[in-house]
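This is the structure I have questions about; it appears just below.
Just follow the structure's listing: the first ligand is 1, and inside any ligand the first atom is 1. None of these values were measured; they are calculated from a predicted model.
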Amino acid sequence: MSEDIISADNLSVVVNAKQILKNVSFSAKKGEVLALLGGNGAGKSTTIKTFLGLMTPSSGTASLAGVNVAMSPDIVRKKVAYLPESVMLYAHLTAIENIRYFLSLSGKTKSDNEIADALSRVALQEKAWRLPLGGYSKGMRQKTAIALALLRKAPILFLDEPTSGLDPVAIDEFNRLVSQLAREGATILMVTHDVYGACHVANRIGLLRDGEIVGMFDAPANGNIDPKKFIPPSPGE
Ligand SMILES: Nc1ncnc2c1ncn2[C@@H]1O[C@H](COP(=O)(O)OP(=O)(O)OP(=O)(O)O)[C@@H](O)[C@H]1O
Ligand SMILES: [Mg+2]
């Protein structure tokens, strides 16, 4: 049996005496996409931040490739690319300049060809590559951030509501890219409100409500949605 690459084991997080995550457990193996679905305030971003070492569990563990993040936070820098809810890139720099700058922060340099390949792959139109991000739409900024994540060649990806604010065509392109990255061996945790997107790209779907996992399902392989699956089990089931 292959090892879990992303694993939450009875993870609890308390902030200001409020319990935000309650004994959350899930896992994903190499090449799997796990989606966590939940409403506002369910604890989705907190889950990701705990895996990034930005929040400390009060009990339980968040592990990446078998390494406890709280004990060895370096694993995050080595293995993870993170797409936050709001993409943080510089408005006065172009897509190419942003990518060069952020790669340099992690000690990486890439050739013009490699950067062009990544920007083509995320389908950012070529005429925008040398324009400042200040004039970009949300989808274009998102594509730039995804290209940066691709160039970092991270084996583990955390995506926080990656398709919110994107139009249907951009969502479709994005979902296809996520599936492709998983086929190439990336392990991906995506948190979202989007049931439809989750069903299209995820192998497993967890339902998070008030900091608790209230259901965990295998996603339908053909992308067809069975809404009955999203009725959480009753307590004790
Ligand atoms: N640093 C913090 N201090 C206090 N409370 C926090 C902190 N971070 C998160 N919370 C609380 O934890 C709960 C979960 O927040 P979280 O941001 O994880 O939710 P979410 O599922 O990502 O929601 P959204 O869909 O709105 O992004 C919320 O009730 C929030 O108010
Ligand atoms: Mg959030």
Side-chain angles (χ1 to χ4, degrees), residues 6-28 33-64 68-70 73 76 80-89 137-139 141-146 148-149 154 156-168 170-171 174-175 177-178 187-217 219 225 227 229-233:
I6 300 174
S7 167
D9 186 14
N10 270 308
L11 191 62
S12 293
V13 171
V14 175
V15 179
N16 298 335
K18 185 182 166 202
Q19 185 154 14
I20 298 179
L21 295 182
K22 301 165 192 164
N23 295 314
V24 166
S25 294
F26 55 74
S27 63
V33 181
L34 173 72
L36 290 183
L37 280 170
N40 294 128
K44 302 182 300 296
S45 298
T46 303
T47 304
I48 289 188
K49 284 178 193 160
T50 309
F51 274 97
L52 297 173
L54 301 174
M55 300 185 87
T56 310
S58 51
S59 63
T61 50
S63 307
L64 298 172
N68 182 341
V69 169
V76 176
V80 172
Y82 164 52
L83 208 59
E85 271 178 287
S86 313
V87 170
M88 307 284 272
L89 295 168
S137 68
K138 166 153 185 174
R141 285 196 299 275
Q142 193 78 334
K143 285 174 176 177
T144 309
I146 298 162
L148 175 60
I156 302 171
L157 292 171
F158 289 108
L159 311 173
D160 195 340
E161 298 188 32
T163 55
S164 74
L166 300 190
D167 69 38
I171 290 177
F174 180 82
N175 287 341
L177 187 62
V178 169
T187 309
I188 300 167
L189 175 66
M190 164 172 139
V191 304
T192 181
H193 302 132
D194 176 19
V195 177
Y196 180 81
C199 284
H200 272 76
V201 298
N203 304 97
R204 304 263 301 153
I205 298 176
L207 302 183
L208 192 63
R209 185 192 289 166
D210 291 335
E212 278 183 275
I213 298 279
V214 294
M216 185 64 78
F217 310 96
I225 298 165
K229 289 208 165 174
F230 296 96
I231 301 166

Checklist entry - Does Val201 reach the side chain of Phe174, with side-chain heavy atoms less than 4.5 Å apart? => result no
Checklist entry - Do Ser12 side-chain atoms and Asn23 backbone N/O form a donor-acceptor pair below 3.5 Å? => result yes
Item to check | Glu161 backbone acceptor or donor facing Glu85 side chain under 3.5 Å | outcome: no
Checklist entry - What atoms in ligand 1 come closer than 4.0 Å to a heavy atom of His193? => result 25 (O)
Checklist entry - For ligand 1, which atoms have a heavy atom of Val15 less than 4.0 angstrom away? => result 2 (C), 3 (N), 4 (C)
Checklist entry - Do any N/O/S atoms of Asn40 come under 2.8 Å of the Mg ion (ligand 2)? => result no
Checklist entry - Does an N or O from Met55, backbone or side chain, lie closer than 3.5 Å to an N or O of ligand 1? => result no
Checklist entry - Does any non-hydrogen side-chain atom of Arg204 lie less than 4.5 Å from one of Ser27? => result no
Checklist entry - Are the side chains of Ile213 and Ser25 in touch, meaning some heavy atoms are under 4.5 Å apart? => result no
Checklist entry - Which of the atoms in ligand 1, numbered in the order shown and given with their element, are less than 4.0 Å from a heavy-atom of Glu85? => result 27 (O)
Checklist outcome for this item: Tested for side chain to side chain contact (heavy atoms under 4.5 Å, CB included) against Phe26, the lone hit among Leu11, Leu208, Asp9, Leu36 is Leu36
Checklist entry - Taking the side chain from Asp194 and the backbone from Tyr196, do they hold a donor-acceptor pair closer than 3.5 Å? => result yes
Checklist entry - Looking only at N/O atoms, are Gly41 and ligand 1 under 3.5 Å apart anywhere? => result yes
Checklist entry - If you measure from CE on Met55 to CD1 on Ile48, what distance do you get to the nearest 0.5 Å? => result 12.5 Å
Item to check | From the candidates Ile20, Leu37, Leu36, the one that places a heavy atom nearest atom 5 (N) of ligand 1 | outcome: Ile20
Item to check | Contact partition for Lys18 relative to ligand 1, non-hydrogen atoms under 4.0 Å | outcome: side chain
Checklist entry - What do we get for Thr46 next to ligand 1 when only non-hydrogen atoms under 4.0 Å count, side chain, backbone, both or neither? => result both
Checklist entry - Which option out of Lys49, Gln19, Glu161, Lys44 puts a heavy atom nearest to atom 21 (O) of ligand 1? => result Lys44
Next on the checklist: Tell me the contacting part of Asn40 for ligand 1: side chain, backbone, both, or neither, using a 4.0 Å heavy-atom threshold, strictly below.
Outcome noted: both
Next on the checklist: Run Asp160 and Ser45 through side chain to side chain donor-acceptor pair (under 3.5 Å) and show every step you take.
Outcome noted: CA-CA 7 Å; Asp160 195 340; Ser45 298; 2.7 Å; yes
Checklist entry - Should Gly43 be counted as touching ligand 1, given the test is an N or O pair under 3.5 Å? => result yes
Checklist entry - For Gly39, is the nearest heavy atom under 4.0 Å from an atom of ligand 1? => result yes
Next on the checklist: Using heavy-atom distances only, which candidate in Ala42, Gly38, Ser45 approaches atom 22 (O) of ligand 1 most closely?
Outcome noted: Ser45
